[in-house]
Amino acid sequence: MDDQSLVKSVLNGNTQAFSFLIKKYEKLVFHMIQKLVNDELIVEELAQDVFMKVYKKLPGFRFESKLSTWIGTIAYRHTINHMRKSNKMVFKEIEEDMEENYFKEMDNPASQFESKDVSKFIKAHIEMLPTHYRNILYLYHIEEMTYPEIVEITGLPVGIVKNYLFRARKLLKEQLSKFMLKEELL
Amino acid sequence: MKSKKDLEQQQAFENISYSKEDEELYSLLFSELDKEKDILIKPSFAPNIAAKLTKKKKRDELKENLLFGGSILMVLVITALAFQFVKTILQSQESIIDTRVLTPVTILAVMITIFQVLDKAFIRNRKFRRIKHKTI
């Protein structure tokens with residue numbers, strides 16, 4: 001079922017269609033929230049709130065953007081508001097001249113990563129990235145969203161979105177380079 | 001293709017020319033970034049929200065009906081009280097308002113109330129019929 005018929009069906013009061021809509025977009029919503037909040041229980045609670053909001057706001061949705069972008073925007077803003085209210089809003093920015101030492105300064109086990117698994121190594125380092133970097137990486141690479149779509153969701157200017165994306169990749173690539181070098185030496 | 005474009009953009013951002021090793025590292029990084037991380041979502045998540053919504057709808061409907069019933073009751077009580085009040089005045093003093101004027105006014109008030117009740121029931125029935133028709 002395409003998004004337009006799905007929305008029409010939900011608006012006509014079909015609860016089954018709404019269940020289907022949830023199934024279709026739950027991964028996106030959970031991922032979006034998880035990139036911002038770590039607590040699993042809160043993630044599920046927020047995801048529920050997001051879908052309730054989606055249902056409430058659906059009559060106002062005019063298909064000016066993709067349904068996924070619209071739902072993503074609601075998920076992103078709801079989570080940010082929750083974080084603001086609970087004072088957990090810690091958005092780190094990395095100064096360009098501090099980038100080299102970013103991972104070194106972080107006190108966490110991934111810096112002494114022993115695993116030979118590249119995937120695990122990268123995953124661990126993605127988790128250590130600042131929230132916005134992580135979120136933009138996810139939207140661009142996993143959800144395959146375009147820059148305008150990411151701009152719509154995050155509300156950040158396109159220049160900042162690109163900057164965060166490139167800097168995040170650069171940071172990860174440098175870590176990957178060190179990891180590979182270490183692997184070769186072993 | 002996308003990966004090539006990404007690499008070009010990344011190179012433009014860093015403003016350096018990449019070595020073969022850099023290119024390989026970025027290719028590896030992009031392929032890792034494109035892998036979706038597993039996520040655990042309870043199978044009951046969607047049905048739970050749907051059930052919650054149905055419950056909320058019923059609660060809202062009940063609230064709306066109670067409010068509507070209350071307002072109708074209030075109109076009737078106020079009309080009766082006003083009628084009683086005017087009647088008392090008419091009986092105790094010299095006739096200021098003719099009783100013949102009061103009767104159509106009361107009938108009109110009752111008719112408006114009845115019309116409101118019928119109208120509300122009609123709208124609701126029509127809405128239900130439409131929803132039922134669509135879901136079937």
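We name chains A, B, ... by the order of the sequence lines, and we start the count at 1 in each one.
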For [X] and [Y], work out which heavy atoms get closest and say how close.
X	Y	answer
L25(B)	L176(A)	O-CD2, 3.6 Å
K35(B)	I142(A)	O-CD1, 3.0 Å
E32(B)	S119(A)	OE1-OG, 2.7 Å
S19(A)	A50(B)	OG-CB, 3.3 Å
P43(B)	K23(A)	O-NZ, 3.7 Å

Pairwise side-chain contact, [X] with [Y], heavy-atom cut-off 4.5 Å (strictly under):
X	Y	answer
K42(B)	E44(A)	yes
F13(B)	K162(A)	no
F30(A)	L40(B)	no

Point-to-point distance, once rounded to the nearest 0.5 Å, from [atom1] of [X] to [atom2] of [Y]:
X	Y	atom1	atom2	value
D22(B)	S177(A)	CG	OG	7.5 Å
S31(B)	H141(A)	OG	NE2	10.5 Å
L29(B)	L137(A)	CG	CG	8.0 Å

What part of Q10(B) gets closer than 4.5 Å to chain A, counting heavy atoms only: side chain, backbone, both or neither?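 Both backbone and side chain of Q10(B) come within 4.5 Å of chain A.
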Among residues 50-59 of chain A, which residues come closer than 4.5 Å to chain B, judged by heavy atom distances?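 Residues of residues 50-59 of chain A touching chain B at under 4.5 Å: F51(A), M52(A), Y55(A).
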Show which side-chain atoms of residues 147-161 of chain A pair as donor or acceptor with protein atoms under 3.5 Å away, not counting sequence neighbours.
residue, atom, partner, partner atom, Å
Y147(A), OH, Q9(B), OE1, 3.0
E149(A), OE1, T146(A), N, 3.0
E149(A), OE1, T146(A), OG1, 3.4
E149(A), OE2, K66(A), NZ, 3.2
E152(A), OE2, S65(A), OG, 3.3
T154(A), OG1, I150(A), O, 2.8
T154(A), OG1, L156(A), N, 3.3

Looking only at heavy atoms and a cut-off of under 4.5 Å, which of E40(A), E144(A), Q48(A), Q34(A) has the most pairs with chain B?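 Result: the option with the highest number of such pairs is Q48(A).
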Do E26(A) side-chain atoms and I41(B) backbone N/O form a donor-acceptor pair below 3.5 Å?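 Not at all, since once roles are kept as given, no pair shorter than 3.5 Å links the two residues.
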